[in-house]
Amino acid sequence: MMNKIIIARNKSELNSGISQFRKNNETISLVPTMGALHDGHLKLVKLAKLKSDRTIVSIYVNPTQFAPGEDFELYPRTESNDINLLTHENVDIIYIPNPRSMYDEDHTTKIVVGGVAEGLETNHRPTFFEGVALIVTKLLNRIQPDYAIFGEKDYQQLATIRRLVDDLDIPVKVIGAEIARDNHGLALSSRNKYLNPNGLEIARKLNKIMISCANSMSKGTNVDEATQTAKAQLLKSGFSSVDYIEVRSPNSLTILEGGVLSSPARLLVAAHCQDVRLIDNYPIS
Ligand code: PAF
């Protein structure tokens, strides 16, 4: 049977839904999103529904995680389609806060996560994780879910949120969901829709090059040699630049020395194709 979906646009609409669930002793999962939903998000929603009695999906394009000159204004906004998709998934609340209600005009608090949030993305988007940490903390405080679900595509983001939640004693269990890919292995992303057919063809090579790089390191190829080869292959395949292709430890994202790997690790990559910045990652066993 379909639930009646609550579309909450302010705190009181949100709270009246949540208090009903809590009265019934029901558990709640939160799936935070910036909208422009695709099958990857819907996988997170399905996981949320398995974990808890009630599922809340937030849709909010968070300005504090975009630097000046990034695509905040142009970020795809597809609200009615998002609502249709979530209705089909039978979620309980879609939280679409009014943009002006999220931050006070004179807000000043910053949350800076060290360690896992350093390097990789931060070398290219220096204030990104501050913005993510702030909005995720605010959403967790407003909703107080039992579970919060994030995709592994944004692997450093997931590690950063785990660190934040542990360090600030936020009472929520963070769940990571496997990367959703198209039939060619391209990680699903809201920004993929900016690629034209030629760009899509190039983008679909990223995962193949990444997987072959990871496999060659598993078989004993030196990290520096394997990542340099992969970088050259990406550029040759049509990527305009590679922000990074690096190997880190899987949880703390500690930099691993450039020799031969002796324990499991994670390969992380960010590269540009037709003005679209693609990120992806893969386990090295
Ligand atoms: O991954 C995203 O879509 C965003 O960074 C998040 C976690 C919803 C915060 O705005």
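Counting convention: from 1, in listed order, for ligands and their atoms alike.
Nearest non-hydrogen protein atom to atom 3 (O) of ligand 1 is M34 CG, 3.8 Å. If you check which protein heavy atom lies closest to atom 7 (C) of ligand 1, you get Q157 NE2, 3.5 Å.
Heavy-atom proximity to P32, at under 4.0 Å, picks out these atoms of ligand 1: 8 (C). Heavy-atom contacts of I135 reach the following atoms of ligand 1: 9 (C), 10 (O) (cutoff under 4.0 Å).
The hydrophobic clustering, which links ILVMFWY residues whose side-chain heavy atoms are closer than 4.5 Å, places Y155 and V116 together.
Between Y75 and R191, the side chains place no donor N or O within less than 3.5 Å of an acceptor N or O (distance only, hydrogens not considered). Side-chain N/O atoms of E13 and Y95 include no donor and acceptor closer than 3.5 Å. A donor atom on one side chain and an acceptor atom on the other are found under 3.5 Å apart for N62 and Y103. Side-chain contact, Y147 with T27: no donor N or O sits under 3.5 Å from an acceptor N or O.
Polar contact with ligand 1: present for Q65 (N/O pair, distance under 3.5 Å).
Only the backbone of T33 comes within contact range of ligand 1, with a heavy atom under 4.0 Å; no side-chain atom does.
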